[in-house]
Amino acid sequence: MTTAKLNIAVIGLDRMGQRHALNLLHGVPRTRLVAICTPAPHEVAWAEEHLAPEGVRAFADFEELMSAADLGIQAVVVASPTKMHVAHTLAALERGGVHVLCEKPVSTDVKELESVVQKAKANPTTKLMVGFVRCFERNYLDARRKIEAGLIGRPLVIRSQGTEKLDKSGFFIEYARVSGGIFVDTAMHDIDLTLSFFGDDAVPRSCYATGLISHHTEMVEFNDVDNAVGVVEF
(Lines give C-alpha, C1' and ligand atoms only; values in the text may rest on other atoms or scores of the structure.)
Protein backbone atom coordinates (compact mmCIF):
# COMPACT_ATOMS: atom_id res chain seq x y z
CA MET A 1 0.00 0.00 0.00
CA THR A 2 1.38 3.39 -1.00
CA THR A 3 1.79 6.08 1.64
CA ALA A 4 2.71 8.88 -0.76
CA LYS A 5 0.83 12.12 -0.30
CA LEU A 6 -0.39 14.51 -2.98
CA ASN A 7 0.88 18.09 -2.58
CA ILE A 8 -2.11 20.41 -3.00
CA ALA A 9 -2.69 24.17 -3.05
CA VAL A 10 -6.02 25.95 -2.57
CA ILE A 11 -6.71 28.98 -4.77
CA GLY A 12 -9.13 31.39 -3.12
CA LEU A 13 -10.00 31.37 0.56
CA ASP A 14 -13.59 32.50 0.95
CA ARG A 15 -15.91 30.25 2.97
CA MET A 16 -15.72 27.46 0.40
CA GLY A 17 -11.95 27.74 0.09
CA GLN A 18 -11.62 27.59 3.86
CA ARG A 19 -13.69 24.40 3.95
CA HIS A 20 -11.48 22.83 1.31
CA ALA A 21 -8.32 23.88 3.14
CA LEU A 22 -9.40 22.49 6.50
CA ASN A 23 -10.70 19.30 4.91
CA LEU A 24 -7.43 18.71 3.07
CA LEU A 25 -5.44 19.54 6.18
CA HIS A 26 -7.32 17.34 8.63
CA GLY A 27 -9.69 15.03 6.75
CA VAL A 28 -7.90 13.61 3.71
CA PRO A 29 -4.99 11.39 4.84
CA ARG A 30 -3.32 11.04 1.44
CA THR A 31 -3.04 14.76 0.74
CA ARG A 32 -0.67 17.43 1.99
CA LEU A 33 -1.89 21.04 1.92
CA VAL A 34 1.26 22.97 1.12
CA ALA A 35 -0.02 26.43 0.18
CA ILE A 36 -2.96 28.75 -0.34
CA CYS A 37 -3.30 31.73 -2.65
CA THR A 38 -5.44 34.80 -2.05
CA PRO A 39 -4.93 38.57 -2.38
CA ALA A 40 -7.64 39.36 0.20
CA PRO A 41 -6.15 40.61 3.51
CA HIS A 42 -8.91 39.10 5.69
CA GLU A 43 -8.43 35.71 4.02
CA VAL A 44 -4.67 35.93 4.54
CA ALA A 45 -5.32 36.72 8.22
CA TRP A 46 -7.53 33.63 8.47
CA ALA A 47 -4.79 31.51 6.87
CA GLU A 48 -2.18 32.86 9.30
CA GLU A 49 -4.36 31.79 12.22
CA HIS A 50 -5.60 28.41 10.99
CA LEU A 51 -3.08 27.17 8.41
CA ALA A 52 0.32 28.74 9.00
CA PRO A 53 0.85 26.81 12.29
CA GLU A 54 0.59 23.63 10.19
CA GLY A 55 3.32 24.82 7.82
CA VAL A 56 0.99 25.97 5.03
CA ARG A 57 2.47 28.86 3.05
CA ALA A 58 0.40 31.82 1.82
CA PHE A 59 0.79 33.55 -1.54
CA ALA A 60 -0.96 36.66 -2.82
CA ASP A 61 0.05 36.06 -6.44
CA PHE A 62 -1.08 32.99 -8.39
CA GLU A 63 1.91 32.89 -10.73
CA GLU A 64 4.31 33.14 -7.81
CA LEU A 65 2.58 30.20 -6.17
CA MET A 66 2.67 28.02 -9.28
CA SER A 67 6.33 28.91 -9.89
CA ALA A 68 7.43 27.87 -6.40
CA ALA A 69 9.31 24.71 -7.41
CA ASP A 70 10.12 23.78 -3.82
CA LEU A 71 6.41 23.20 -3.10
CA GLY A 72 6.12 20.40 -5.64
CA ILE A 73 2.46 21.19 -6.31
CA GLN A 74 0.70 18.24 -7.92
CA ALA A 75 -2.90 19.45 -7.69
CA VAL A 76 -4.89 22.61 -7.01
CA VAL A 77 -8.37 23.31 -5.71
CA VAL A 78 -9.79 26.33 -7.51
CA ALA A 79 -12.13 28.10 -5.09
CA SER A 80 -11.50 31.62 -6.32
CA PRO A 81 -14.36 33.94 -7.46
CA THR A 82 -16.35 32.48 -10.38
CA LYS A 83 -14.93 34.94 -12.91
CA MET A 84 -11.42 33.62 -12.18
CA HIS A 85 -12.22 29.89 -12.38
CA VAL A 86 -11.35 29.50 -16.06
CA ALA A 87 -8.10 31.46 -15.88
CA HIS A 88 -6.85 29.57 -12.83
CA THR A 89 -7.95 26.18 -14.16
CA LEU A 90 -6.36 26.67 -17.58
CA ALA A 91 -3.13 27.98 -16.04
CA ALA A 92 -2.89 24.92 -13.81
CA LEU A 93 -3.66 22.48 -16.65
CA GLU A 94 -1.08 24.14 -18.88
CA ARG A 95 1.61 23.45 -16.29
CA GLY A 96 1.37 19.77 -17.14
CA GLY A 97 0.84 17.15 -14.49
CA VAL A 98 -1.13 19.47 -12.21
CA HIS A 99 -4.59 18.10 -11.48
CA VAL A 100 -7.50 20.46 -10.84
CA LEU A 101 -10.63 20.32 -8.72
CA CYS A 102 -12.62 23.40 -9.71
CA GLU A 103 -15.57 24.74 -7.78
CA LYS A 104 -18.77 25.17 -9.73
CA PRO A 105 -19.71 26.89 -11.87
CA VAL A 106 -16.55 26.61 -13.92
CA SER A 107 -17.83 29.49 -16.02
CA THR A 108 -21.00 31.37 -16.90
CA ASP A 109 -19.91 31.41 -20.55
CA VAL A 110 -20.36 28.26 -22.67
CA LYS A 111 -17.44 29.00 -25.01
CA GLU A 112 -15.11 29.50 -22.05
CA LEU A 113 -16.29 26.24 -20.58
CA GLU A 114 -15.65 24.43 -23.87
CA SER A 115 -12.09 25.76 -23.93
CA VAL A 116 -11.49 24.20 -20.51
CA VAL A 117 -12.93 20.86 -21.64
CA GLN A 118 -10.74 20.82 -24.74
CA LYS A 119 -7.63 21.66 -22.70
CA ALA A 120 -8.40 18.81 -20.30
CA LYS A 121 -8.97 16.35 -23.15
CA ALA A 122 -5.66 17.36 -24.76
CA ASN A 123 -3.76 15.98 -21.77
CA PRO A 124 -5.51 12.79 -20.57
CA THR A 125 -2.93 12.19 -17.83
CA THR A 126 -4.08 15.36 -16.05
CA LYS A 127 -7.37 15.09 -14.21
CA LEU A 128 -9.96 17.86 -14.12
CA MET A 129 -13.03 17.56 -11.93
CA VAL A 130 -15.82 19.94 -10.95
CA GLY A 131 -16.84 20.11 -7.30
CA PHE A 132 -20.10 18.16 -7.45
CA VAL A 133 -20.36 16.26 -4.19
CA ARG A 134 -23.89 14.96 -3.81
CA CYS A 135 -23.61 12.13 -6.32
CA PHE A 136 -20.85 10.66 -4.10
CA GLU A 137 -22.86 10.76 -0.88
CA ARG A 138 -23.97 7.43 0.53
CA ASN A 139 -27.74 7.82 0.19
CA TYR A 140 -27.60 9.20 -3.34
CA LEU A 141 -25.23 6.42 -4.40
CA ASP A 142 -27.62 3.88 -2.92
CA ALA A 143 -30.52 5.43 -4.84
CA ARG A 144 -28.63 5.33 -8.12
CA ARG A 145 -27.66 1.68 -7.62
CA LYS A 146 -31.30 0.79 -6.96
CA ILE A 147 -32.39 2.62 -10.12
CA GLU A 148 -29.70 0.95 -12.22
CA ALA A 149 -30.70 -2.46 -10.84
CA GLY A 150 -34.33 -1.85 -11.76
CA LEU A 151 -35.48 -2.25 -8.16
CA ILE A 152 -37.91 0.68 -8.36
CA GLY A 153 -38.85 0.41 -12.02
CA ARG A 154 -38.21 3.17 -14.53
CA PRO A 155 -38.14 6.60 -12.83
CA LEU A 156 -40.46 9.13 -14.49
CA VAL A 157 -40.24 12.11 -12.14
CA ILE A 158 -37.41 13.35 -9.93
CA ARG A 159 -38.13 16.10 -7.41
CA SER A 160 -35.12 17.74 -5.82
CA GLN A 161 -35.29 20.59 -3.33
CA GLY A 162 -32.53 22.63 -1.79
CA THR A 163 -33.14 24.76 1.32
CA GLU A 164 -30.42 27.08 2.55
CA LYS A 165 -30.27 28.79 5.94
CA LEU A 166 -31.02 32.51 5.86
CA ASP A 167 -27.74 34.44 5.74
CA LYS A 168 -27.85 37.83 7.46
CA SER A 169 -24.10 38.50 7.40
CA GLY A 170 -24.06 40.06 3.92
CA PHE A 171 -21.77 37.35 2.54
CA PHE A 172 -24.49 35.72 0.45
CA ILE A 173 -25.37 38.91 -1.42
CA GLU A 174 -21.78 39.79 -2.29
CA TYR A 175 -21.15 36.20 -3.39
CA ALA A 176 -24.38 35.99 -5.42
CA ARG A 177 -23.49 39.14 -7.38
CA VAL A 178 -20.75 37.27 -9.24
CA SER A 179 -21.50 33.56 -8.73
CA GLY A 180 -23.64 32.99 -11.81
CA GLY A 181 -27.13 33.00 -10.37
CA ILE A 182 -29.45 30.69 -8.49
CA PHE A 183 -29.62 28.03 -11.23
CA VAL A 184 -26.07 28.13 -12.59
CA ASP A 185 -24.50 28.17 -9.14
CA THR A 186 -26.98 26.64 -6.67
CA ALA A 187 -29.58 24.48 -8.41
CA MET A 188 -26.72 23.03 -10.45
CA HIS A 189 -26.40 20.38 -7.72
CA ASP A 190 -29.98 19.28 -8.36
CA ILE A 191 -29.34 19.18 -12.11
CA ASP A 192 -26.24 17.05 -11.55
CA LEU A 193 -28.22 14.61 -9.39
CA THR A 194 -30.99 14.40 -11.98
CA LEU A 195 -28.52 13.49 -14.72
CA SER A 196 -26.96 10.92 -12.39
CA PHE A 197 -30.29 9.24 -11.66
CA PHE A 198 -31.71 9.36 -15.20
CA GLY A 199 -28.44 8.17 -16.74
CA ASP A 200 -25.45 9.64 -18.53
CA ASP A 201 -27.27 9.62 -21.87
CA ALA A 202 -30.23 11.69 -20.61
CA VAL A 203 -31.02 14.60 -22.95
CA PRO A 204 -33.27 17.51 -21.90
CA ARG A 205 -36.25 18.20 -24.20
CA SER A 206 -37.59 21.36 -22.60
CA CYS A 207 -37.27 23.48 -19.49
CA TYR A 208 -38.80 26.45 -17.78
CA ALA A 209 -38.29 28.30 -14.52
CA THR A 210 -39.76 30.97 -12.33
CA GLY A 211 -38.64 32.70 -9.17
CA LEU A 212 -39.11 35.54 -6.73
CA ILE A 213 -37.28 37.59 -4.14
CA SER A 214 -38.65 36.89 -0.68
CA HIS A 215 -35.93 38.36 1.53
CA HIS A 216 -32.76 39.57 -0.21
CA THR A 217 -34.23 42.61 -1.98
CA GLU A 218 -30.74 43.64 -3.11
CA MET A 219 -30.83 40.83 -5.67
CA VAL A 220 -32.98 42.94 -7.97
CA GLU A 221 -29.78 44.90 -8.73
CA PHE A 222 -28.25 41.92 -10.53
CA ASN A 223 -31.40 40.26 -11.87
CA ASP A 224 -31.43 37.23 -9.60
CA VAL A 225 -33.86 35.71 -7.08
CA ASP A 226 -33.56 33.97 -3.73
CA ASN A 227 -36.34 31.43 -4.33
CA ALA A 228 -36.88 29.60 -7.61
CA VAL A 229 -38.47 26.55 -9.20
CA GLY A 230 -37.23 24.85 -12.37
CA VAL A 231 -38.84 22.07 -14.40
CA VAL A 232 -36.92 19.99 -16.95
CA GLU A 233 -38.49 17.43 -19.28
CA PHE A 234 -36.28 14.64 -20.63
Side-chain angles (χ1 to χ4, degrees), residues 1-106 125-138 164-180 185-186 189:
M1 178 181 295
T2 179
T3 58
K5 293 188 175 183
L6 197 69
N7 291 339
I8 299 183
V10 174
I11 315 302
L13 216 60
D14 63 5
R15 290 184 182 179
M16 184 58 69
Q18 291 172 11
R19 290 179 188 175
H20 279 297
L22 292 176
N23 187 45
L24 290 167
L25 194 61
H26 303 296
V28 187
R30 291 181 59 186
T31 63
R32 180 185 294 108
L33 181 63
V34 295
I36 60 93
C37 181
T38 174
H42 67 284
E43 293 179 2
V44 172
W46 183 91
E48 290 176 348
E49 178 181 355
H50 297 277
L51 306 180
E54 303 291 338
V56 180
R57 291 167 57 184
F59 292 79
D61 182 76
F62 176 76
E63 284 301 322
E64 183 181 356
L65 165 70
M66 298 303 293
S67 299
D70 60 312
L71 291 177
I73 294 175
Q74 297 164 287
V76 298
V77 174
V78 177
S80 50
T82 299
K83 64 181 180 180
M84 296 301 298
H85 284 181
V86 170
H88 287 152
T89 298
L90 288 177
L93 291 175
E94 288 167 357
R95 295 278 170 172
V98 177
H99 309 293
V100 181
L101 173 66
C102 182
E103 268 303 321
K104 48 79 189 167
V106 177
T125 62
T126 302
K127 304 300 183 182
L128 167 63
M129 183 176 178
V130 182
F132 290 120
V133 297
R134 295 184 187 175
C135 57
F136 296 102
E137 293 176 358
R138 183 184 305 168
E164 302 289 344
K165 293 176 65 175
L166 178 62
D167 178 79
K168 298 181 180 180
S169 69
F171 170 82
F172 171 74
I173 287 298
E174 295 310 308
Y175 175 79
R177 289 182 190 276
V178 296
S179 70
D185 183 58
T186 305
H189 279 299

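Atom set for the values below is all heavy atoms of this structure, side chains included, hydrogens, waters and symmetry mates excluded. Start at 1 with the first residue, then count along the sequence.
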Side chain to side chain contact (heavy atoms under 4.5 Å, CB included), that's the test. Do Glu103 and Val78 meet it? Break it down for me. CA-CA 6 Å; Glu103 268 303 321; Val78 177; over 6 Å; no
Using the rule given for side chain to side chain contact (heavy atoms under 4.5 Å, CB included), can you reason through Ser80 versus Met16, listing the C-alpha separation, both sets of side-chain angles and the distance that settles it, and then say yes or no? CA-CA 9 Å; Ser80 50; Met16 184 58 69; over 6 Å; no
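Atom OG1 of Thr89 is separated from atom CD of Glu94 by 10.5 Å, given to the nearest 0.5 angstrom. To the nearest 0.5 Å, the span separating NE2 on His26 from CD on Glu54 amounts to 5.0 Å. Here OG1 of Thr38 is found 13.0 Å from CZ of Phe62. Values are rounded to the nearest 0.5 Å. Atom-to-atom distance recorded for Ile36:CD1 and Arg57:CZ is 11.5 Å, nearest 0.5 angstrom. A distance of 8.0 Å separates NZ of Lys104 from OG1 of Thr82, quoted to the nearest 0.5 Å. Atom CD of Gln18 sits about 5.0 Å away from atom CG of Leu13, to the nearest 0.5 Å.
At a threshold of 4.5 Å between non-hydrogen side-chain atoms, the residues Ile11 and Met84 do not count as touching. For the pair Phe59 and Leu71, the minimum side-chain heavy-atom distance is below 4.5 Å. Between Met66 and Val98, the closest side-chain pair of non-hydrogen atoms falls below 4.5 Å.
Between the Thr126 side chain and the Leu93 main chain, no donor and acceptor come within less than 3.5 Å of each other. His99 places no side-chain N or O within 3.5 Å of a backbone atom of Gln74 that could act as its donor or acceptor partner.
Partners of Glu174 under the salt bridge (charged side-chain N to carboxylate O under 4.0 Å, His left out) rule, at least two apart in sequence or in another chain, are Arg177. Thr186 pairs by the side-chain hydrogen bond (donor to acceptor under 3.5 Å, both in side chains) definition with nothing, not counting sequence neighbours.
Across all their heavy atoms, Pro105 and Asp185 have their closest contact at CD-OD1, 3.0 Å. In this structure, Gly17 and Ala79 approach most closely via the heavy-atom pair CA-CB, 3.7 Å. Between Gly12 and Glu43, the shortest heavy-atom contact is C-OE1, 4.3 Å. Residues Phe172 and Asp167 approach most closely at N-OD2, 3.2 Å, considering heavy atoms. Closest approach of Ile73 and Ala9 over heavy atoms only: CD1-CB, 3.9 Å. When all heavy atoms of Leu65 and Ala35 are compared, the closest pair comes out as CD1-CB, 3.5 Å.
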Would you mind writing out the side-chain donor-acceptor pairs for residues 44-52 within the sub-3.5 Å range, not counting sequence neighbours?
from	atom 1	to	atom 2	distance (Å)
Trp46	NE1	His50	NE2	3.3

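Counting heavy atoms of neighbouring residues, nucleotides and ligands inside a 6.0 Å radius, atom CD of Glu164 does not exceed 12 of them.
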